[in-house]
Structures are given as C-alpha cells and as structure tokens.
Amino acid sequence: MIVLLITIFATINLFTVSSPKQNQIAGTTKCTVTGIVSDIETEEPLPFAVVKFIDLNRVSTADENGEFTLSGICPGDYKIEVSFVGYETQIFEKSVDDKSIIELELENQFNEFETVNVTARRVFERGTEAISQTQIPKSDFSSNPTRSVASVLSGVQGVTFSSAGSNVQLPIIHGLRGNRILILNNGLKHGFQNWGPDHAPEIDLSGVDNITVIKGAAGVRYGPDAIGGAVLVEGDPMFFNQPFEAKIGTGYHSNGRGYSTQLEIGTGYSNWGYHIGGSLTRFGDRKAPNYSLTNSGKNEKALHGGARFESGSINAKVFYSFVDQKLALLRTSVAESGNLFIRSINADEPVFIRPFSYDINEPKQENQHHLGKVEINWQYSENASLNILAGRQYNFHREFDVRRNADLPITNLDLTTDDIQLEWQHPDWIDFDGMIGVQLFLQSNENNPGTNTTVFIPNYNVQRYSAFLIEGKDFGNNTVEMGLRIDVEDNSVRGRQTNQDLFVDKFSFSNFTASAGWIQRFSDRSLIKTNFGTAWRSPNMAELFSFGQNGFKGTFGLLRYKFDTENNLRTNQVTPFDKSEKSVEKGLKWVSEWNFSTDHHQLVTTVYSNLIRDFIFEKPVNIIGTVRGPLPIFIIDQADSFFLGTDITWIHQYSSRLTGTLGASYLFSRNIEDNEPLINQPPTNTNYSFSYATEDGFGFFDSFEFILNTSYTFKQFSAPRTMRPEDIVDGNMEIRNDSEIFDFKNAPTGYFLISTSVHTSFGNFNGSLEVQNLLNSSYRDYLNEMRYFADEPGLNISLSITYNL
Amino acid sequence: MHYLNNLIKIGTFLLLATFIFAACDTTGSTEDPPEENEEELITNITLTFTNMDDENDVVTARAQDPDGSGVEELQVLDDIELQTDVTYRLTFEILNGLETPPGDIGEEIEEEAEEHQIFFQFTENAFSDPVGNGNFDNTNDPVNYEDVDDDGNPVGLETTWTTSNETLTDGSFRIRLQHQPDIKSSTTTVNDGDTDFDITFTLIIQ
C-alpha cells in the first residue's frame with residue numbers, strides 16, 4: 001500500500017469499501033449472513049465483489065447491487081476475504097454475532113489485470129508496469145528476518161547478491177550492482193555510504209512488508225542510478241478497520257549461534273491506523289565446514305513506527321525507522337602488504353583462526369540509520385490526486401581497521417539526505433492516464449575529525465532537481481507506456497590530499513531519461529511485456545577520488561591519476577571534473593518478459609540487453625615499490641560495456657499441494673571498448689525447488705509447508721585471466737598500463753547446494769525450521785569478496801517461532 | 001463552484017508543499033574536511049649505525065617514498081657502509097614527511113611496542129655477532145635486540161651489530177617491521193601479522 005501512496009498515481013482512491021452489513025437472525029438455526037459491499041466515498045455498491053469466509057471455505061458473490069447472502073454462518077470468529085477488481089484483496093478477522101455490524105475497508109489497488117501468479121500480490125503502477133518485475137510478500141521472508149534484503153531478493157531469477165562476508169550483501173540485478181541499483185526504502189532513496197563492495201543498505205527485514213524488484217531501467221519513475229533496476233522496500237500498509245494485532249517472534253540459528261527476537265503491534269481504526277515494531281539480532285562467528293570464520297558476527301537493533309490518517313479526501317502517513325548495527329568483517333581479509341596478501345590468498349585455511357566468539361573486533365563497521373518521512377495524499381477528484389512526500393535520513397558510518405590506532409575509526413562519516421517529492425496524478429487526457437512529478441534531492445556528507453588518517457571520502461554536497469512525466473494508455477487489452485525525465489545535479493566537493501592540502505571541485509550534470517513500454521495481452525494466459533529505458537548515474541565519490549592504499553592494493557579514482565606524454569602513470573594532482581575527460585555512466589536497457597500459463601504450468605521468460613556507455617570499473621595497471629614492499633596498483637577506468645542475458649522460471653503444479661519450480665539465469669557480459677571480460681559478473685545458475693503445502697490441516701498442524709531447494713551454480717567461465725600476486729611481485733609476470741584485466745585467483749569451481757524448510761501453523765503459533773547448506777559443502781562464491789580468503793559458511797539450522805495475539 | 005472549491009484546495013496544498021520545500025535546509029553543511037595527523041603513512045626511514053666506541057662515528061642509510069600513497073617508486077638513497085670489526089648500535093628514524101613538521105611514526109611504534117617487531121635478514125656471516133643470516137628464516141636465530149616490550153618480547157628499534165673482520169662489497173641488509181596486534185609472542189615470525197615496512201639496502205663492509 002505504501003507503494004501506492006508513494007506513487008500517487010495509482011492509489012489515491014481510498015475507497016472505504018464495503019461494510020457488508022451482516023445480519024444474524026437471532027434464535028433461528030438458519031444462521032444467515034447478509035451484507036452489502038459499497039464504496040465509501042461514492043456510496044456506490046461494488047457489484048459482484050467476492051466475499052469468502054476462509055475458515056469455512058464458503059464463498060459468496062455480491063449481486064449487481066453489491067449485496068450478498070450466505071447461510072450457515074453461525075456466531076464466531078471468522079477470517080473474511082473481500083476481493084474486487086481494481087482493489088487489493090484483503091482479509092479481515094471479524095467476530096460475527098447477532099448484533100455486530102462489520103465494517104470492512106478495502107484499499108483501491110491499481111490492479112490492472114489479474115495475475116496468474118497467485119502467491120504474489122502484485123501491484124503495478126504506471127511507468128514501470130511494462131518492466132519485468134517481481135514482488136516478494138512478507139510470508140516469503142518472515143520466518144527468518146535476520147537475512148539481508150539482498151539475500152531475499154536473490155530468490156528471484158536474474159537477481160543475485162555480492163557480498164563482503166556474511167554481514168554485508170548488495171543486490172545484483174542482471175549483472176549490475178551498487179550505485180546501479182536504486183534502493184527505495186519506504187519511498188525514499190536509501191541514503192547510505194554506497195561505494196565499494198563492503199557497504200550495504202541498513203534495512204531491517206522485520207520492519208518490511210514486501211519487496212518489489214524491478215529488473216529494468218526504472219530511472220524515469222524513481223530517479224538516476226536505476227541503470228540496472230530498482231528495489232522497492234515497503235513497510236506495513238497500515239490498513240484501517242483492522243483488529244489489534246501483536247506478533248512476537250524469536251529465532252535461533254545454529255551457524256554463528258545467532259538469536260533474534262521481533263515484536264510487532266498494529267491496529268486499524270475507522271480513520272486511522274498505526275504499526276510499530278522492533279527487533280534485536282545477534283550473531284557470533286560463523287563457521288565454514290572446516291574452520292571458524294573468525295570475526296564474522298553481527299549485532300543489530302532496529303525500530304520502526306508509522307501511522308496513517310484519513311480525513312475526507314486527505315490521507316496522511318508518517319513513518320520513522322532506525323537501524324543500529326555493528327558488523328564484523330572477516331579478520332583474515334585484512335592485508336596491508338603484498339606479503340600477507342600472498343600468504344592469505346594461497347593458504348588453504350585462513351591465516352587467522354580463533355575459537356568461536358560473539359566479539360566484534362576490527363575490521364568492523366558501526367552504522368546507524370534514521371529514516372523519517374511524512375506523506376500527504378489528496379484525492380481531490382475521482383481520478384486525480386496530489387501527493388507530497390518529504391523525508392530526511394541520517395546515516396552515521398564508522399569503520400574500524402586493524403592498525404596502530406585500532407580504537408579510532410579509520411572512516412567516520414555523517415551523511416544527511418533530504419528528499420521531497422511532489423506528484424500529480426492527472427485526470428485522463430484523451431484516455432492517457434499519467435502523472436507529473438517534481439523531486440528535490442539533497443545530500444551532505446561530512447567527515448568527523450579524529451581518524452588520524454587522511455579522509456578517504458571527501459566532504460560533499462549534492463543537490464538534484466528533477467521533473468518527470470509518465471503516461472499510459474490502454475488499447476483494448478494492451479497497454480502502452482512512456483516516460484520522460486530531466487535531472488539537474490550540482491556537486492560541491494572538498495577533500496584532502498595526503499599532505500593535508502585542501503582540494504575543492506564543483507561540477508554539474510544535466511540529463512534526460514526516457515522510457516517506453518508495451519504490454520501485449522494475447523489471452524488470459526499469455527502476455528508479453530517489453531520496455532526500453534535509458535538511465536544514468538554520476539560516478540560515486542570513491543570512484544572519483546580514491547587515492548592510494550586501501551587493503552592490499554592501491555586504487556586511484558577517475559580524477560586522481562593521469563598518464564603523461566610518455567604513458568607513465570602520474571598521481572601528483574587532482575584533476576577538476578570539468579577538465580577531465582570523464583563522464584557519467586549512461587545505460588540503455590531493453591527487457592522483455594513472456595508470461596505463459598496453462599492449468600498446471602506457468603512459464604516466465606525474461607530476456608534483456610543492456611548497453612552501458614562509460615561503464616565504470618576498477619582495473620590493474622602496475623606494481624610499484626613502497627615501504628611496505630611491492631603493491632599492485634589499480635585505477636578506476638571507464639569503457640563501453642554490454643550485457644545480454646535471460647532468466648527462466650517454470651512452475652509446474654503437480655497437484656493442489658505439490659508444486660515444482662525450475663529456474664535458470666544466464667548472463668553474458670563484456671567490455672566492448674577494450675574487448676575484454678568484466679570482473680565479478682554473476683555465473684550461470686540453475687535451481688529446482690519442490691514444495692508440498694496444505695492449508696487443510698496436517699496432523700497436529702493447521703497448515704503445513706515443506707520446501708526442498710536444490711541449486712547448482714556454475715564456475716564463472718568468462719572471468720578475467722588469473723595472475724598470481726606472487727608472480728607479479730617477483731616480476732615473473734609483467735603488467736603495464738594497457739594490460740588486459742586480470743584477477744588474483746581463479747574463479748571458484750561450481751557448487752551444488754541443498755536447502756530445505758518446513759513452515760507450520762498451529763493455533764496462534766507459526767513455526768519454521770530451515771536448513772541451509774544441508775550437505776555442509778565447502779565452496780566459495782565468486783561474488784563474495786572473501787572468496788580470496790575463506791570458504792562460505794557451512795550447515796546452518798534455523799528454528800523460529802512466532803506467536804500471533 | 002465545485003471547481004473553484006477544488007482550486008482553493010489545490011492552492012492550499014501547493015502552499016503546504018512550498019512550505020515543506022522551503023523548510024528543508026537546501027544547502028547543508030559546507031565545511032571542509034578536517035586536517036588529520038596522518039599516522040598510517042611512512043615516507044622516510046633512516047637507519048643510524050653508531051660506533052659504540054666512538055659516538056661521533058655515525059653511518060646513516062636512507063630510504064624514502066616521497067609521495068607516500070602516490071605511485072612514485074620507493075627510493076633507497078644510500079648504501080650501508082660499515083667498517084670491519086666494529087660494534088655498532090642501530091636505531092631508526094621513521095617519519096611521515098608529508099606532514100609539516102614531519103610526523104614521528106617511530107614514537108607510535110614505540111608506544112605500541114607489544115604489537116610490533118623488526119626482523120632482519122643479511123648476507124651470511126657479514127657480522128661476527130650476530131652470526132648467521134638473521135631471523136627471517138628462523139625466528140630464534142640470533143639478532144641482538146636491545147629493547148623489549150611490556151611482555152618481554154624483542155622490538156628491534158634498538159639493536160647491536162659487530163661486523164666481521166672480512167670485507168664485503170655487495171651484501172644485503174633487509175629490515176621488515178611486522179605489525180602483530182593480539183598475536184605477537186616469542187615465537188611469532190616474520191610472516192605473522194602485516195608488514196609496515198620491508199626494505200633492502202646494499203651492505204658494504206670495508
């Protein structure tokens with residue numbers, strides 16, 4: 001629902017529906033219930049709405065006057081599901097007795113067409129409707145809210161995640177990650193230190209209601225950075241007329257001896273509702289099959305609270321969330337010298353192994369993230385509305401490293417992000433349905449003193465002004481969409497060189513973004529969506545200004561190096577952006593999805609290509625002598641790159657209880673300017689899962705679901721060549737400024753994994769048992785930066801239980 | 001009338017929007033990042049060999065990496081030229097020359113002596129005391145450490161060396177400072193922990 005609000009467009013019509021007046025004829029044995037489903041605003045009945053008493057499996061359809069009657073419903077507590085085209089299907093828990101008048105309220109949901117995927121509630125909105133996308137409901141991740149958003153998303157074909165150990169995980173959509181994936185946290189671009197492989201968004205899953213992943217260039221609607229796609233994270237929708245609900249959950253995880261607890265409460269009254277919650281999570285060192293992954297624990301506290309109000313046609317929402325985390329990074333990953341790096345990368349076991357501990361030592365991160373927003377929506381006429389959203393985020397980020405001053409943070413940054421969005425969903429213009437929006441985005445990054453080292457990321461201010469227009473029109477069963485956007489961004493940067501001299505830079509970008517999409521519905525069972533979208537993003541501050549040693553290598557950002565006339569690398573001055581030949585990244589992504597279903601089968605095939613001009617990446621150029629010994633030198637470079645891939649999902653419903661799902665993802669990627677491979681691209685993956693589910697009682701349980709997941713991840717066969725660090729340091733292998741890209745270690749071999757889970761409910765309890773890496777296999781993940789040093793975690797058994805009041 | 005009503009409402013809404021826009025601090029802080037006292041970077045290392053019988057007989061050898069984190073190569077500026085059959089005390093000056101005045105990293109190392117050790121490797125039998133080729137290959141091989149940390153383990157900021165009575169024209173003298181937080185012990189080796197510096201000088205004894 002938040003999706004709706006944020007987007008103005010779609011929602012807005014808060015029809016309080018229904019009020020099925022329910023009459024129990026007292027004293028008779030007939031036990032007949034009657035009611036009327038109507039739209040509260042217009043008072044018009046909603047004809048043919050479907051009313052289902054779930055517990056009894058009794059369904060009634062309202063007549064043309066919105067009235068329905070069901071006999072044989074005696075006093076008691078019932079779950080009633082009300083659905084109506086264009087409205088989100090909603091379940092109410094109501095006490096039915098002979099005097100009560102049940103008030104049910106449905107939110108209008110811009111649900112253009114029925115979807116074949118019955119497990120996912122799908123919300124489409126203008127502007128991204130034609131882009132391949134998947135929504136993940138809370139039920140898919142509620143049994144283990146200690147996971148990262150990225151790991152939940154990786155259940156979607158074409159989406160994986162990159163990581164820096166067990167605690168830092170970033171989504172990858174079709175080969176693109178980091179700043180190329182826009183993460184919208186409750187409608188706001190999540191404002192965090194988004195650079196390098198070891199910074200992930202601070203989002204607590206226990207406060208999330210659903211996650212939508214959009215696998216196309218969604219920049220027109222959501223803003224720059226969505227070159228690879230967008231991830232929309234939404235909190236509780238806070239429906240009205242909901243009974244008081246409280247949930248207490250706790251979980252235990254064998255690997256890392258982790259434990260977590262969550263609490264959520266919420267109520268919906270006739271014209272307002274609230275939802276608050278919190279969670280605590282603690283993990284110690286995880287364990288690979290053969291050794292402890294020393295220093296891989298985490299400590300996280302999270303809180304969120306929101307309220308929604310309605311008065312006439314005005315609908316308002318306030319929301320606040322807070323996440324506090326302490327994340328350990330693998331101890332053995334720290335190598336400031338070539339010596340130790342060579343030793344670590346060649347060791348069969350990490351060079352630093354200690355007995356299990358909950359301690360979080362250096363290297364570690366301590367992050368706090370506050371997000372607050374106010375949103376007001378005014379449905380001023382039947383099909384037009386205005387929406388304003390204002391949000392502020394504070395992000396405090398501290399990194400501690402193994403060094404002489406280990407107790408001082410080596411990076412200490414405060415990032416403040418302001419976001420204001422004003423959107424107008426206009427009345428139809430010659431059958432065009434659309435919206436116009438303006439956005440203001442401000443970000444200010446500040447270094448705190450006392451790190452005893454030169455600031456790595458400069459202080460900076462970003463101001464971005466944006467305006468966009470999105471229009472859609474239906475032609476019979478088919479839909480066309482198009483969008484245009486303009487962004488003007490000003491950057492002001494203040495940094496320090498290693499001799500503490502100040503450097504300042506100011507630069508601006510103006511960019512147009514456009515998208516066009518088409519949905520062709522051949523029949524109820526077959527449709528094709530296709531979308532072309534452009535997108536852009538400005539290089540992040542680390543890509544521009546990195547300077548010198550960070551770990552075992554030295555990296556120089558786009559503005560920190562030059563090649564002189566003799567092609568020697570020079571790093572003695574900072575080039576102002578406008579005088580450099582560097583530019584923003586620009587992408588053109590085409591993504592098409594064919595969705596075909598029969599009675600027992602569903603096939604979803606996605607095909608995409610993405611051409612990115614001036615793709616930014618890191619590459620090796622040299623080895624230099626330093627006081628610490630030889631040091632591999634890398635630069636941030638730009639080159640045109642191309643991505644082509646496909647994702648396939650085939651669901652086979654063997655019976656009402658048995659379902660099999662086969663999935664596969666393949667991606668080809670290449671730096672087409674230098675005709676060489678790209679590094680750290682997702683390898684091919686295939687997976688098959690089998691589930692048995694019943695809602696009708698299963699022995700002791702009211703509901704029961706068993707899932708068995710198998711997956712095989714291939715070796716990344718198109719990884720760059722390997723040059724062993726010792727060969728470079730010893731001079732056996734030479735690298736030059738124009739050397740082909742390489743990696744220090746071969747891509748890991750393929751691996752087969754099995755995981756399984758059981759989800760049950762009994763009375764007010766939900767219980768889950770999940771087993772990951774059932775075979776306790778030793779393997780390394782190509783997309784985990786720690787693959788140089790250590791295996792992935794082994795067998796993990798998680799047990800969780802939730803009590804619903 | 002209905003239309004006018006709506007117009008008024010839209011006006012109010014836009015006014016509210018403008019108010020929220022204006023309320024927002026549109027510039028943010030524009031402070032410069034702090035100047036830091038760089039304690040991670042070593043640019044200049046000077047070895048000082050002092051004749052223990054004659055304080056005025058001093059031999060120095062320097063190595064420097066003038067641009068610190070930049071890509072300029074490390075430069076070993078001097079050879080170590082010692083006399084035969086003389087006992088020297090070796091001390092270090094370890095600086096960050098990119099600061100003014102230069103930061104003394106040697107002091108830092110001394111303060112955290114229980115996390116640091118300097119290891120030595122040299123041409124076999126260049127010295128009569130210690131004999132051998134240093135403690136790179138075997139931690140327990142002789143090196144005359146004259147300083148210990150709080151745990152009683154050697155540090156190496158001060159050592160003594162007696163040259164052999166035979167001359168040496170093209171020997172080598174390698175020093176490596178290992179940072180060994182939480183792990184330094186009497187048995188930790190040149191490969192434990194991380195390297196803070198690792199430099200090889202040419203050693204001449206005549």
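The chains referred to below are lettered A, B, ... by the order of the sequence lines, with proteins before strands, and numbering in each begins at 1.
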**Student:** Going by an N to O cut-off under 4.0 Å, is there a salt bridge joining A:Arg628 and B:Asp196?
**Tutor:** yes
**Student:** So what's closer than 4.5 Å to chain B heavy atoms on A:Asn448: side chain, backbone, both or neither?
**Tutor:** backbone
**Student:** Students often mix this up, so state it plainly: with edges at 30° and 60°, are the rings of A:Trp424 and A:His426 parallel, tilted or perpendicular?
**Tutor:** perpendicular
**Student:** With distance as the sole criterion, is a donor-acceptor pair present between the side chains of A:Thr453 and A:Thr451 under 3.5 Å?
**Tutor:** no
**Student:** Given heavy-atom pairs under 4.5 angstrom as the criterion, report whether the side chain, backbone, both or neither of A:Phe352 touches chain B.
**Tutor:** side chain
**Student:** With only heavy atoms counted, which part of A:Arg403 is less than 4.5 Å from chain B, the side chain, the backbone, both or neither?
**Tutor:** both
**Student:** Can you check whether B:Leu95's main-chain N or O pairs, donor with acceptor, with B:Asp104's side chain at less than 3.5 Å?
**Tutor:** no
**Student:** Highest number of heavy-atom pairs under 4.5 Å with chain B: which of A:Gly495, A:Gly548, A:Pro630, A:Ser337?
**Tutor:** A:Ser337
**Student:** Report yes if the side chains of A:Phe341 and A:Lys553 come closer than 4.5 Å at any heavy-atom pair, otherwise no.
**Tutor:** no
**Student:** Can you say whether A:Ile623 sits under 4.5 Å from chain B via the side chain, the backbone, both, or neither, judging by heavy atoms?
**Tutor:** backbone
**Student:** Given that the side chain runs from C-beta out, which part of A:Leu502 has a heavy atom under 4.5 Å from chain B: side chain, backbone, both or neither?
**Tutor:** side chain
**Student:** Taking side chain as C-beta onward, heavy atoms only, is A:Ile635 less than 4.5 Å from A:Phe563?
**Tutor:** yes
**Student:** Is the backbone of B:Glu158 close enough, under 3.5 Å, to the side chain of B:Asp147 for a donor and an acceptor to pair up by distance?
**Tutor:** yes
**Student:** Can you name the one residue among B:Phe136, B:Phe201, B:Trp161, B:Phe127 that meets ring-ring contact (aromatic ring centres under 6.0 Å, His included) with B:Phe120?
**Tutor:** B:Trp161
**Student:** Could you tell me which of B:Gln75, B:Glu108, B:Glu111 has the largest number of non-hydrogen atom pairs under 4.5 Å with chain A?
**Tutor:** B:Glu108
**Student:** Taking B:Ile183, B:Val190, B:Val71 one by one, which has the highest count of heavy-atom pairs under 4.5 Å against chain A?
**Tutor:** B:Val71
**Student:** Is it the case that B:Glu55 and B:Thr50 place a side-chain donor and acceptor less than 3.5 Å from each other?
**Tutor:** no
**Student:** Does A:Tyr561 reach the main-chain N or O of A:Ile636 with its side chain, forming a donor-acceptor pair under 3.5 Å?
**Tutor:** yes
**Student:** Quick check on A:Thr626 against chain B: is it the side chain, the backbone, both or neither that has a heavy atom closer than 4.5 Å?
**Tutor:** both
**Student:** Where does A:Asn339 contact chain B at under 4.5 Å (heavy atoms): side chain, backbone, both or neither?
**Tutor:** side chain
**Student:** As a quick check of understanding, evaluate side chain to side chain donor-acceptor pair (under 3.5 Å) for A:Asn499 and A:Asp501, giving each step before the final call.
**Tutor:** CA-CA 6 Å; A:Asn499 61 6; A:Asp501 282 356; 3.3 Å; yes
**Student:** Just give me the residue among A:Asn459, A:Leu631, A:Leu340 that pairs up with chain B most often, heavy atom to heavy atom, under 4.5 Å.
**Tutor:** A:Asn459
**Student:** Please test A:Thr417 against A:Gln443 for side chain to side chain donor-acceptor pair (under 3.5 Å), starting from the C-alpha separation and ending with a verdict.
**Tutor:** CA-CA 4 Å; A:Thr417 308; A:Gln443 205 161 45; 2.9 Å; yes
**Student:** Considering only heavy atoms and a distance below 4.5 Å, find which of A:Asn445, A:Leu569, A:Val504 pairs most often with chain B.
**Tutor:** A:Leu569
**Student:** So which part of A:Thr416 gets closer than 4.5 Å to some heavy atom of chain B, the side chain, the backbone, both or neither?
**Tutor:** neither
**Student:** I'd like to know which of A:Asn452, A:Val402, A:Val351 tops the heavy-atom pair count under 4.5 Å against chain B.
**Tutor:** A:Asn452
**Student:** Check whether any side-chain heavy atom of B:Phe49 lies under 4.5 Å from a side-chain heavy atom of B:Thr163, and answer yes or no.
**Tutor:** no
**Student:** Give, as side chain, backbone, both or neither, the part of A:Ile633 having an atom under 4.5 angstrom from any heavy atom of chain B.
**Tutor:** side chain
**Student:** Need one label for A:Glu446: side chain, backbone, both or neither, based on atoms under 4.5 Å from any heavy atom in chain B.
**Tutor:** side chain
**Student:** Give the member of B:Val76, B:Asn96, B:Ile109 that has the highest number of heavy-atom pairs under 4.5 Å with chain A.
**Tutor:** B:Ile109
**Student:** Only pairs of heavy atoms separated by less than 4.5 Å count here; which of B:Leu74, B:Leu177, B:Asn191 has the most with chain A?
**Tutor:** B:Leu74
**Student:** For chain B, which candidate among A:Ala406, A:Gly554, A:Gly450 shows the most heavy-atom pairs at distances under 4.5 Å?
**Tutor:** A:Gly450
**Student:** Who wins among A:Asn447, A:Ile410, A:Asn361 for the most heavy-atom pairs under 4.5 Å with chain B?
**Tutor:** A:Asn447
**Student:** What part of A:Phe556 gets closer than 4.5 Å to chain B, counting heavy atoms only: side chain, backbone, both or neither?
**Tutor:** side chain
**Student:** Would you say A:Phe503 and A:Arg560 make side-chain contact, with heavy atoms under 4.5 Å?
**Tutor:** yes
**Student:** Counting only heavy atoms closer than 4.5 Å, note whether B:Glu112 contacts chain A via side chain, backbone, both or neither.
**Tutor:** side chain
**Student:** Between A:Arg354 and B:Asp182, does any side-chain N to carboxylate O distance fall below 4.0 Å?
**Tutor:** no
**Student:** Identify whether the distance between the nearest side-chain nitrogen and carboxylate oxygen of B:Asp149 and B:Lys184 falls below 4.0 Å.
**Tutor:** yes
**Student:** Report, in residue-number order, which members of residues 60-68 of chain B are under 4.5 Å from chain A by heavy-atom distance.
**Tutor:** B:Asp65, B:Asp67
**Student:** Is there a donor in the side chain of A:Glu489 and an acceptor in the side chain of A:Asn491, or the other way round, less than 3.5 Å apart?
**Tutor:** yes
**Student:** When heavy-atom pairs shorter than 4.5 Å are enumerated against chain A, which of B:Gly70, B:Gly193, B:Pro33 gives the highest number?
**Tutor:** B:Pro33
**Student:** Let me know if A:Pro458 has heavy atoms under 4.5 Å from chain B in its side chain, its backbone, both or neither.
**Tutor:** neither
**Student:** Please walk me through it: do A:Asn346 and A:Glu726 pass side chain to side chain donor-acceptor pair (under 3.5 Å)?
**Tutor:** CA-CA 10 Å; A:Asn346 290 317; A:Glu726 55 270 41; 3.0 Å; yes
**Student:** As an exercise: rank B:Asp194, B:Leu41, B:Asp192, B:Leu98 by heavy-atom pairs under 4.5 Å with chain A and give me the winner.
**Tutor:** B:Asp194
